[in-house]
Amino acid sequence: MIKSLNKEFEVIVIGGGHAGCEAASASARMGVKTLLITQDLNKIGEMSCNPAIGGIGKGHLVREIDALDGLMGKVADKAGIQFRLLNRSRGAAVRGPRCQADRKLYRQVMQKEIFSQENLTAISGTVISLIKNRNDEICGAKLVNGSEIYSNSVVLTTGTFLNGMIHIGEKSIPAGRAGEAPSLDLADFLLSLSLNMGRLKTGTPPRLDRNSIDWCGLEAQFGDETPEPFSFFTKKIKNKQVECRVTWTNKEVHQIIKNNINKSAMYSGKIDAKGPRYCPSIEDKIMRFSDRERHQIFLEPEGLDDNTVYPNGISTSLPEKVQREFISKMPGLEKARIIRPGYAIAYDFVDPRECSGTLELTKVPGLFLAGQINGTTGYEEAAGQGIVAGINAANKTKRATPFILDRADAYLGVMIDDLVTRGAPEPYRMFTSRAEYRLWLRADNADQRLTKKGYDLGVVKQKRWKLFSKKREDLNRGNQLLSNLNITPNEANKYGFNIRKDGVRRNGKELLSFPETKIEDLVKICPLLKTLDKSITKQLEIECKYAVYIERQKFDILSYRRDAALKIPTNIDFDLVGSLSNESKEIFSRARPDTIAQAASLPGITPAAIGAVVVYLRSKAA
């Protein structure tokens, strides 16, 4: 019997991982009746690999998700058991918040958020195909039990489940992740859509029993004394904070791996998929960096009441026997017991150049993709795509303007632009180096950049908006206090400031721009600064220190956006544009974009190609 629910839901989200949770929650927050379908409701919010959130570049994404009223930052704050601000000694633009999370607690908090969200229903089910209407637009999903559920659009977030295959040495197991069946029928359906698809690979290390590790003598790695939350909502981290420990590989470990390298699924030829360059397996580290005598391994607890330890740095697809052998040669792990062996997993993905900047497939209207199905790796990249896809799926239902962030708006914009223009020849990971405007796109100002946009869309709710409005008022008040503070060099010297005696009066912002000046130094001149929250004074200090550079970058952003609005003549001959590849010429000639912005959104077009067209148009206009 076919069960039809065509009038009940407007957006369907398939998959309950990080991308699916953000997509479903975002759509529902916008007042759209949303259905989340996942194989196991108990696995919603599962941290499949490393129990950690954030990092360099990744932490920026989490802050931006939070600025749009998303879930990941709030959940991480409630589940975090060790917080560290990476790159603390470097400039604010490249500092990355990170936390080690309690895996069980993270899942519980995420499920609470999902199950309590208004306009959102979650059901357990296996989707085998999608439904098209007479216009070939996706309008629903068909489940393995024969049910057909209709909607206006669908967001697909399959993670590593599409034709997933786990490899441990010579053993291969069809699975989406350990202990869960892969998605085979859905993979076949996507292939039937004539999409450009491929295979990627990722991996995970063996899990160890905490009680079998000799912790004595291992270097301790502590979190920050005062944990810095992800969410602008969170005032204080309440969980008990834990330490991690560090061990190292050695020559003996390396030799065991080299002796057994032909047994690794990656090196035996069983896997032909591309793996993540920036998170290599231990086999890759040993073979590619043979001059290195040792590699650092972080022993990270998976929870406050969990005896499982995640040995970060030894992802592997070697046989379990070999894993036990090389682990036993590391300091502290001589008697370590493996709870679950490490493995590699290969899976299907769709070339993200098949998507537009909204993450909707250009060939298949109504179908949005988010997460590892688009060739990314990492929870944060998946969640970031999820919130953008969810917003746009809801916008499509509401017939609203598409939500597209550009490279000057957010790291979310950088990531999506990278994916839809350059594709994913290897699993994509976010780094601060990918952002041209990173002085502006800092983690500390994500709400200033995005919360107003989210409020206008309806995805940011009133509680968040009130919090943001209060912060904005406090920043304005702080800026006013600094501007009103005005002293001569002689007066400044009396307060201990080493200012050149040039007779020029300086305000608080100018004083704070000096590298050695802290905002605490100005409190003795302007006691009212003491009334501001530390988060406000910290941001004021960052903005003053970077003021000159940020102004230059804002000028660059204006130039970038001016170029984006540049009109492309209808009669342009792209063969006359210098430095364009034949592929780019063909794409431009076929699509005939009206503006540079439209040209930049075309699948397969690189920033270099856009630059060549801009130069050509400017030369013709001169």
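For clarity, every value in this text was computed on a predicted model and none was experimentally measured.
- Identified under the ring pair (Phe, Tyr, Trp, His ring centres under 6.0 Å) test for residues 468-506, with sequence neighbours left out: W465-F468.
- With sequence neighbours left out, the side chain to side chain contact (heavy atoms under 4.5 Å, CB included) criterion links K494 to no other residue.
- Annotation: side chain to side chain donor-acceptor pair (under 3.5 Å) contacts of Y455 (sequence neighbours excluded): Q462.
- For A26, the side chain to side chain contact (heavy atoms under 4.5 Å, CB included) partners at least two apart in sequence or on another chain are R29, I387, I391, V459.
- Among pairs with a residue in residues 45-60, those fulfilling side chain to side chain donor-acceptor pair (under 3.5 Å) read E46-R107, S48-R177, K58-E380, K58-E381, at least two apart in sequence or across chains.
- Partners of R429 by side chain to side chain donor-acceptor pair (under 3.5 Å), not counting sequence neighbours: none found.
- Residues satisfying the side chain to side chain donor-acceptor pair (under 3.5 Å) test with R407, not counting sequence neighbours, are D417, D418, E436.
- Here T358 pairs with S356, E360, F368, N392, P402, I404 under the side chain to side chain contact (heavy atoms under 4.5 Å, CB included) rule; sequence neighbours left out.
- The side chain to side chain donor-acceptor pair (under 3.5 Å) analysis of residues 517-532, with sequence neighbours excluded, yields the pairs R477-T531.
- Within the structure, the ring pair (Phe, Tyr, Trp, His ring centres under 6.0 Å) test picks out no pair touching residues 74-96 (sequence neighbours left out).
- With sequence neighbours excluded, no residue forms a side chain to side chain donor-acceptor pair (under 3.5 Å) with E219.
- The side chain to side chain contact (heavy atoms under 4.5 Å, CB included) test applied to E113 returns L71, K74, V75, K78, not counting sequence neighbours.
- Residues Q372 and T377 bring no donor and acceptor atom of their side chains to less than 3.5 Å of each other.
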